[in-house]
Structure formats: structure tokens, C-alpha cells
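These values consider heavy atoms only, across backbone and side chains, with no hydrogens, waters or symmetry-generated copies.
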2 protein chains.
Amino acid sequence: MTTRTARRAAATRRSMEPVVQESTPSMIASRVREAIASGHIAPGSQLGEANLARELGVSRGPLREGLQRLTAEGLLISIRNRGLFVIEMTPERVQDMYLARQAVERAAAERIHDGDPVAAGGALMGVIEVMARARSARGEGVADIEFHQLLVSLAASPRLSRMHEILMTETRMCIHALADSYVHGDAVRVEEHTAIARSFLDRDARLTDELLAAHMTDAVRRLTAGRSTAPPSSSA
Amino acid sequence: MTTRTARRAAATRRSMEPVVQESTPSMIASRVREAIASGHIAPGSQLGEANLARELGVSRGPLREGLQRLTAEGLLISIRNRGLFVIEMTPERVQDMYLARQAVERAAAERIHDGDPVAAGGALMGVIEVMARARSARGEGVADIEFHQLLVSLAASPRLSRMHEILMTETRMCIHALADSYVHGDAVRVEEHTAIARSFLDRDARLTDELLAAHMTDAVRRLTAGRSTAPPSSSA
DNA sequence: GCCTCTAGTATTGTCGACAATCCAACGAGA
DNA sequence: TCTCGTTGGATTGTCGACAATACTAGAGGC
């Protein structure tokens, strides 16, 4: 009975945040998504519904609904009467992923330049500094992730943010799968991030665009270095 | 028993396409998505599960799974214990949608210029011509849709294509909702499309980028013309 | 020895029913 | 007359069970 009065109060004066009750499938999707991104669930592995349902303490109904959401995001692939499988990160997919990231982040950067690039540049500098200080304590790559997530969120575009979130999940998955070839470029990345942030402070939209494109190209080169375009174990 | 031998044959020689049996939730999602895109289901309306399930001849289980997919795409919003509602196209959302479309299509165009822009330009010219001939017979906007879908598909990027597909669904929904203010710019659009296609034939990447950006800006201006940023009936 | 066919097993796909929650209408009291 | 509490109806959320399908192991025949 308290919900009605609370809602009405929120309607009259918007000081208190309305209680948003996340749906169960959404929570399940978040959990499983996190497990995949953090490498807890290996790429290519099958997700047994019964096991997962037991593990999460829910029935198979809500579980399947949450997993459908991840399938829509492209994180899982569904084969009828066979089950759901986590995607494997082939070099082609890494390349395509970074192409999409480039599209999203460059658009976000352009939009920031149309708004308040100086404030954005300051915020980015801040996160770089904080992350540099806390580096090596946390896992590798969190600084990278944090920077790019902030970059896109500063564009204040719901759709770009949603797209980027999906792509960052895949990126994190990729980082864990190829951890050895990722850690090397840590210092390089920080430097590139700093240059990008500075270009915002300088209001140099063209430079930001070039730096971002180069940053992405570097990343995809590092990740696919020494790997052929077709991995040894590929399944249909 | 024929499936095993068929699959083995497909594995050895890839002449015949393997039988891909689409999952039921996926088919349901396609149906409902189409119904929303074509305006058959009004924006803002609630989707009653029991009715839809009866209408599609399936149980509520698979139906809910398919609807979860549309929720992940951002086409529906879920309110716990209340139901699923089709999103409403406010001017802000239209603007954001076209921002995302700009990001995707410009990236696709850039990638085409890295590949074979002349062939792509030819293909685009072809679809423009075919659509100009069959115009006014089909509904408004199909030429526009067709052109942009072909443009992105020519980039041969799965992720860009998937993102674009989602955005085009929203675009179609928007067109039907604002049909009156859309039909006017039909001739203008064809002209702009032709210019874009020609820029591919001329291998002028910078021009393509500028034309695409302008094309998007025009579209969003036409669609939001005369409308305030906040519609009279807005719900939280 | 190799291939083919045949159960057996495990998993997914689907359905119906029950429980929980919410909205709207109605009536009682200040 | 306005506000509050209550009841009724309808919808969503969740669960368990059944049916359908695909992989695996083993026996039999060539």
C-alpha cells in the first residue's frame, strides 16, 4: 500500500527517485552477461539451462527469457534443439567489433565537440588519473574500459550508449580470452587516452577523430597480431 | 536419420545450404517487430500476452521469450507487473535515432570506400532506379529504406548491419507515425540518394561523408519540424 | 575391421495452472 | 465534497511436467 502513495508523491514533486523494480529476466541477463564478460564462462561453451537455473535459483522460464536477451545482443547463438552457445572471438569478429566501436565512439566524440568538449576533456583526464593511480591493483584493461565508457556516456545519447555497452561486453570477453597479448600495450594506451582527452580540451574535433581511429586500429592490430584469419579450431 | 548424413555432406562440401531451423522465439520476434514497424501496433500501446499468444497460435512461454528480444532491442519497454509497452517516438528519440544512424551509415560508407566503392555505387544507383520506377505503387518510404539497407549491407559488417536493422525498425515506425510530414520530401530524398551513390562512383570519401551527414540532418529536420521538444502527452 | 542400425539418455521446446501484483470502481467516514 | 479503505477483475510472474529432438554407446552385419 505504500507504493501508491510513494508514486503519487513522486508525481507531484520529483525530488525522490521512483522505485524501479528491475524485471527478473533483466537481472538474469546481467548476471550471465557479467559472467561471460569476465571470462567466468568460457567462449564456445554451451549453457545448460537446468544447471544455470539451479545455480541462479530461478526456474527455466525466466532464465530462458533472460538468455534470449543475450541472444539478441549477439553474445549467444541459438541452435534449435541443441542449445545456446557463447560466441567465440575469431580475428574477423574482433576486427568487426572494433569497426563498430569506431563508429559509435567517433560519433560520440563528434557530438561532444558539438556540446561542451572542455568539460568532457576534463572528466576524461580525471578518470585517466584515477585509473593510473589505482593501476596494477585492479585487473588489466579496466582503465581502458572505464575511459571509453565515460567517453560515450558524455555524448548523452541513449542509443549510442546502449550499442556501446553491448560492444564493451564483447571487448571485455576478448580481453580475457587474449589476456597475454593485451597487457603489453598498457602504457601505450594510457598515453593515447591522454592525447584524446587533450584534443577535447583543445576543441580540436578533427584531431580527436584521427586519434580515436588510430587508437582503434592499434588495438585491433595488437589483439590480432600473430594470429591467422582462420583459427585452428573452428566450428560451424 | 537423414539429418546426420546431410550435415556431414554439408561439412565436407559447402554446396548446399544447411537447413537452419529458426527458433520459435525468433520467429515471434520477427512477426511482432514487423507489426510494430508497419504501424499495425500503435506506439505506446500495451501488448497483452494472452491476446498475442492466441493470435500467433503459441503459448505464453515462447511469446514472452520473443518479446524479451524486442525489449533488448529497445523497441519495447518492460514495467514489472504492468506489462510491455511499445515505445513512443518523441522528437528527442527521433533525433537520437538519427544520430545513431549517422554513426552506423557513415562508418559503413567509410568501409565501402576502403573496399570497392565503384561497385557499391553501381549497386546503389541500380536500387535507386528500380525504386524510382516502382514508386507510388508501393508505400512511401520503401525506397528510402531500401537504399540505406543496401548501403550498410555493402559494408559487409555483421555488427553494423545488426545495429542498422534495429534502427531501421524504429525508422519505419517513425515514418508511419508521422506519415503526413514524411511524404513531402520524397523527390528531395531521391536526389540526395543519387548524389551519395555518385560520390561512391567518384571515389570521393569525404563528399560521401558530408552528403550522408546532411541527408540525416535533413531527415531529422523534416520529421521534427513544427513539433516542440516535449509532446503534450508524455508518460514516465 | 568398418559401417550401419538401434536403443538409451540427456537436453531443449512447449504447455497449462497457480500465485502475486496491480488498476479501477465502489462505498464508508470525516 | 473530499479522502481513505476495500473489493473485484484482470494481467503478469513463476513453476513443474510432458513431449519432441538430438547426441552417444553398443550390437549386429558386411
Side-chain angles (χ1 to χ4, degrees), chain A residues 1-12 18-32 41 44-72 76-86 235-236, chain B residues 1-12 18-32 41 44-72 76-86 235-236:
Chain A
M1 301 301 169
T2 60
T3 51
R4 194 170 61 183
T5 52
R7 188 176 302 155
R8 185 179 304 173
T12 50
V19 179
V20 282
Q21 235 172 336
E22 209 177 357
S23 70
T24 308
S26 172
M27 293 191 289
I28 292 171
S30 298
R31 283 288 183 87
V32 180
I41 300 179
S45 61
Q46 181 174 7
L47 291 144
E49 295 181 359
N51 289 342
L52 263 178
R54 252 198 315 276
E55 209 166 321
L56 293 172
V58 293
S59 181
R60 277 180 55 210
L63 180 85
R64 284 173 64 94
E65 291 180 27
L67 262 42
Q68 277 292 335
R69 201 175 281 213
L70 299 185
T71 304
L76 306 176
I77 55 174
S78 158
I79 304 178
R80 193 179 169 106
N81 289 321
R82 283 277 305 274
L84 294 162
F85 300 84
V86 182
S235 62
Chain B
M1 299 305 166
T2 59
T3 52
R4 194 170 60 183
T5 53
R7 189 175 303 154
R8 186 179 305 172
T12 51
V19 179
V20 283
Q21 233 172 335
E22 209 178 358
S23 69
T24 309
S26 172
M27 292 190 292
I28 293 171
S30 298
R31 282 288 184 84
V32 180
I41 300 179
S45 62
Q46 181 175 6
L47 278 74
E49 296 181 358
N51 289 342
L52 263 178
R54 251 198 316 275
E55 207 165 321
L56 293 172
V58 293
S59 181
R60 277 181 55 211
L63 180 85
R64 284 172 64 93
E65 291 181 29
L67 263 42
Q68 278 291 334
R69 201 175 280 215
L70 299 185
T71 305
L76 304 176
I77 55 174
S78 157
I79 304 178
R80 193 181 168 101
N81 290 321
R82 284 276 305 274
L84 293 162
F85 299 84
V86 183
S235 62

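Between A:Glu22 atom CD and D:dG13 atom C1' the separation is 15 Å, expressed in whole Å. For B:Leu63 and D:dG13, the CG to P distance is 12 Å, given to the nearest whole Å. When the P atom of D:dT12 is taken as reference, atom CD1 of B:Ile77 falls 14 Å away, rounded to whole Å.
The side-chain hydrogen bond (donor to acceptor under 3.5 Å, both in side chains) search around A:Arg31 returns none, not counting sequence neighbours. Not counting sequence neighbours, the partners of A:Ser59 by the side-chain contact (heavy atoms from CB on, under 4.5 Å) test are A:Pro62.
Distance check: A:Ile77 CD1 to A:Leu70 CG gives 13.5 Å after rounding to the nearest 0.5 Å. Between A:Leu84 atom CG and A:Leu52 atom CG the span is 9.5 Å, to the nearest 0.5 Å. In this structure, A:Leu67 CG and A:Leu63 CG are separated by 5.0 Å, a value rounded to the nearest 0.5 Å. From B:Ser78, atom OG reaches atom CD of A:Glu65 across 9.5 Å, with rounding to the nearest 0.5 Å. For the atom pair B:Ile79 CD1 and A:Gln21 CD, the distance stands at 12.0 Å (nearest 0.5 Å).
Within residues 44-52 of chain B, the residues that place at least one heavy atom under 4.0 Å from DNA chain D are, in residue-number order, B:Gln46, B:Leu47, B:Gly48, B:Glu49.
Panel note: side chain B:Gln46, backbone B:Arg82; a donor-acceptor pair is recorded below 3.5 Å.
When every heavy atom of A:Ser23 is checked against every heavy atom of B:Arg80, the shortest pair comes out as CA-NH1, 3.7 Å.
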Are any protein N/O atoms closer than 3.5 Å to N/O atoms in nucleotides 19-21 of chain C? If there are, list each pair with its distance.
from, atom 1, to, atom 2, distance (Å)
C:dT21, O3', B:Asn81, ND2, 3.3

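Evaluation of the salt bridge (charged side-chain N to carboxylate O under 4.0 Å, His left out) test over residues 50-60 of chain A, restricted to residues two or more places apart or in two chains, returns A:Glu49-A:Arg60.
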Going 5' to 3' through nucleotides 14-19 of chain D and flagging B where a protein heavy-atom sits under 4.0 Å of the base, S where only the sugar-phosphate is that close, and - otherwise, we get BB----

